[in-house]
Q: 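Have a look at the structure that comes next, please.
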Amino acid sequence: HATITGSAQPIVGMHQGWWIDGVSGVSIRGFRFRGQTTGPVVYASGRCPGTRLEDLDVAAAVGHIDAIAVENQAPSPGSPACVVEHCHVRSGRFGLRAGLFSPTGHEAPCGRTVFRLNRVESCVKGIALAGPLVDVHVVGNVLLGGGEMAALEVGTSGPATRDLLIANNTVFEAQYGFRIWDDDVHGERVELRNNLFLGFAKGGDAYFVDSGGSETAPRGPGEGRRVVHRWRVGRNAREVRSVEGSPFVVRGAIPPASSDWAQPEIPVLSRDRASPDFLRPAPDSPLAKDGVGAEGLPTWVGATPPAGPSPWAWERAWRER
């Protein structure tokens, strides 16, 4: 067990990033990282239960592979989670990544990983989950887009994926709010609930692609409706404009679930990023009271609670679920 605590002085121009490999109980907190490395700025690989990455401020160079990547491989049931929380990530190709990218999704699963209460801005992909995943929570994060950002992406998860919770995240001004890059919709006990998707520059608000190729040479469109049929999807608030474009786009669009709140514009107190009420629901708004409110989830929708309620105790939610 080791705790490494940083100071306000930034670390600039690293040739290689920080690598935690196959050890448990390491905590890194309070550092500011700047510039480009030859790999992820912070990388936890192998079996690394109990790793905690907290209050890190990472500004990766544009085109960088990952800012923070976690590959907690083959975790033991009941082992301490690998937690990334209260981090601020800007630019780069991937903001936060969990799991291993693979062509089949049949490799040993990664998991026991939590991304919570982070802020990710202007990355090509905000939070990317890949490969078979077991016991992964992506909760309470704010993802601010721009350009080609896919805010939340699940890729080649495979049939071994189970107990994946994506809840109470807020996505603002991304090209795609939620995206699956796979040949099917996999997983047991996979949930997409209480999320808030706002401010999309193009038509639509979510996207599903069936691809055995690459992002530049996809095999073909997927069936977006499978997401709603196979996963637990609900109580998400989504700004939905008409889905326009090729049949590829229209077919791949994920329809709202029956309990989702979908309309052209959803009111929040402020859309000014400098405001203390940025993307906060008004106390009398449906966003403030129409969340799941059970099974360890808040009564509000999105990452930011309405004025008055305290932030959600996600540590407790992890234990109870």
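Computed over heavy atoms, backbone and side chain alike; hydrogens, waters and symmetry mates excluded.
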Q: Between CZ of F94 and SG of C123, what distance do you get to the nearest 0.5 Å?
A: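 If I round to the nearest 0.5 Å, the distance is 10.0 Å.
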Q: Keeping N118 on the side-chain end and C87 on the backbone end, is there a donor-acceptor pair under 3.5 Å?
A: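 Yes, because the side chain of N118 sits within donor-acceptor range (under 3.5 Å) of the backbone of C87.
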Q: If only side-chain N and O atoms count, and only distance matters, is there a donor-acceptor pair under 3.5 Å linking Y176 with E153?
A: no
Q: Applying the side-chain contact (heavy atoms from CB on, under 4.5 Å) test to V185, which of V227, V154, I254, V228 qualifies?
A: V227
Q: Is there a donor-acceptor pair under 3.5 Å between the side chain of S270 and the backbone N or O of D277?
A: no
Q: Tell me the closest heavy-atom pair linking N72 and C82, and the distance in Å.
A: ND2-CB, 4.0 Å
Q: Given side chains that start at C-beta, do those of E85 and E54 come closer than 4.5 Å, heavy atoms only?
A: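 Yes, close enough: below the 4.5 Å cut-off.
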Q: Can the ring centroids of F172 and F278 be said to lie less than 6.0 angstrom from one another?
A: yes
Q: Assess the residue pair L152 and V138 against the criterion (side chain to side chain contact (heavy atoms under 4.5 Å, CB included)); give the C-alpha distance rounded to whole Å, side-chain angles, the decisive distance to 0.1 Å, and a yes or no.
A: CA-CA 9 Å; L152 294 162; V138 178; 4.1 Å; yes
Q: Starting from the C-alpha separation in whole Å, work towards a yes-or-no answer on salt bridge (charged side-chain N to carboxylate O under 4.0 Å, His left out) for R119 and E121.
A: CA-CA 7 Å; R119 184 180 177 112; E121 299 187 54; 3.1 Å; yes
Q: Examine distances only and state if a side-chain atom of W231 and a backbone atom of H186 form a donor-acceptor pair shorter than 3.5 Å.
A: yes
Q: What are the two closest non-hydrogen atoms of R238 and P255, and how far apart are they?
A: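 Nearest heavy atoms, R238 then P255: NH1-O, 3.4 Å.
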Q: Counting C-beta onward and ignoring hydrogens, is there a side-chain heavy-atom pair between V83 and T51 closer than 4.5 Å?
A: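 A side-chain contact under 4.5 Å is absent here.
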Q: Is it true that a side-chain atom of D57 and a backbone atom of F33 form a donor plus acceptor pair closer than 3.5 Å?
A: no
Q: Taking A303's backbone N and O only, do any of them form a donor-acceptor pair with N169's side chain (distance below 3.5 Å, no angle check)?
A: no
Q: Is a donor on one side and an acceptor on the other found under 3.5 Å between the side chain of D260 and the backbone of A262?
A: no
Q: Counting only N and O atoms by type, is there a donor-acceptor contact under 3.5 Å from the side chain of R47 to the main-chain atoms of A74?
A: yes
Q: Ring centroid separation for W314 and H137, is it under 6.0 angstrom?
A: no
Q: For the pair N194 (side chain) and W300 (backbone), establish whether a donor and an acceptor sit closer than 3.5 Å, ignoring hydrogens and angles.
A: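 Present.
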Q: Grab the two heavy atoms, one from P283 and one from A288, that are nearest each other, plus how far apart they are.
A: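 Looks like O-CB, 3.6 Å.
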Q: Is there a chain of hydrophobic side chains (I, L, V, M, F, W, Y, each step under 4.5 Å between heavy atoms) that links W312 to L279?
A: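 They do not share one cluster, since no chain of ILVMFWY contacts under 4.5 Å joins W312 to L279.
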Q: Side-chain heavy atoms under 4.5 angstrom apart, residues restricted to Ile, Leu, Val, Met, Phe, Trp, Tyr: same cluster for L192 and V139?
A: no
Q: What distance separates R112 CZ from L133 CG, expressed to the nearest 0.5 Å?
A: 13.5 Å
Q: Using the rule that two of Ile, Leu, Val, Met, Phe, Trp, Tyr join whenever any of their side-chain heavy atoms come within less than 4.5 Å, decide whether I127 and Y43 are in one cluster.
A: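 I127 does not cluster with Y43.
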Q: Answer yes or no: is there a donor N or O on one side and an acceptor on the other, between the side chain of S79 and the main chain of S76, under 3.5 Å?
A: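 Present.
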Q: Roughly how far, to the nearest 0.5 Å, is the CZ atom of R226 from the NE2 atom of H229?
A: 10.5 Å
Q: Decide if atom CZ of R52 counts as having more than 12 heavy atoms of other residues, nucleotides or ligands within a radius under 6.0 Å.
A: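 Yes - once you tally the heavy atoms of other residues, nucleotides and ligands closer than 6.0 Å, there are more than 12.
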Q: Nearest 0.5 Å, what's the CG-CG distance between L96 and N141?
A: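 Taking CG in L96 and CG in N141, the distance rounds to 7.0 Å.
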Q: Salt bridge check: are R97 and E71 linked by an N-O gap of less than 4.0 Å?
A: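 Yes, charged N to carboxylate O under 4.0 Å.
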Q: Mark yes or no for whether W261, through its side chain, and L287, through its backbone, hold a donor-acceptor pair below 3.5 Å.
A: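 Checking the backbone N and O of L287 against the side chain of W261, no donor-acceptor pair under 3.5 Å is found.
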Q: Do E295 and R193 make a side-chain contact, defined as non-hydrogen atoms from C-beta onward lying under 4.5 Å apart?
A: yes
Q: Determine the minimum heavy-atom distance between L269 and A282, stating which atoms define it.
A: CD2-CB, 3.7 Å
Q: For E188 and D163, run side chain to side chain contact (heavy atoms under 4.5 Å, CB included): C-alpha distance rounded to whole Å, both residues' side-chain angles, the deciding distance at 0.1 Å, then the answer.
A: CA-CA 6 Å; E188 297 181 16; D163 296 305; over 6 Å; no
Q: Any side-chain heavy atom of N195 sitting closer than 4.5 Å to one from I166?
A: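 Side-chain contact under 4.5 Å: yes.
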Q: Checking side-chain contact (heavy atoms from CB on, under 4.5 Å) against C110, which of L100, D135, V134, V70 comes through?
A: L100
Q: Could you please spell out the steps behind the side chain to side chain contact (heavy atoms under 4.5 Å, CB included) verdict for R321 and L165?
A: CA-CA 10 Å; R321 297 175 73 91; L165 174 66; 3.6 Å; yes
Q: Angle class for the F31/W18 ring planes (parallel below 30°, perpendicular above 60°, tilted otherwise)?
A: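 Rings of F31 and W18: tilted, as their planes differ by 30° to 60°.
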Q: Would you say the side chain of V171 lies within less than 4.5 Å of the side chain of L198, judging by non-hydrogen atoms?
A: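 The answer is no, as the side chains (C-beta and beyond) never meet within the 4.5 Å cut-off.
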Q: Are D55 and R29 within salt-bridge range, i.e. N to O under 4.0 Å?
A: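 Judged by the 4.0 Å cut-off on N to carboxylate O distance, D55 and R29 do not form a salt bridge.
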Q: Walk me through it: do I20 and I28 pass the test side chain to side chain contact (heavy atoms under 4.5 Å, CB included)?
A: CA-CA 10 Å; I20 303 165; I28 299 177; 3.8 Å; yes
Q: I need the minimum non-hydrogen distance between G296 and A317, along with the two atoms involved.
A: O-CB, 3.4 Å
Q: Is it true that L53 and V114 fall in one hydrophobic cluster, defined by side-chain heavy atoms closer than 4.5 Å?
A: no
Q: Looking only at non-hydrogen atoms, find the nearest pair between R235 and V292 and report the distance.
A: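 Shortest heavy-atom contact: CG-CG2, 3.8 Å.
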Q: Can you hop from I180 to V190 via hydrophobic side chains spaced under 4.5 Å?
A: yes
Q: Check whether any side-chain heavy atom of M149 lies under 4.5 Å from a side-chain heavy atom of K125, and answer yes or no.
A: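 Not in contact.
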Q: Say you draw a straight line from OG1 of T161 to CZ of R189; how long is it, rounded to the nearest 0.5 Å?
A: 11.5 Å
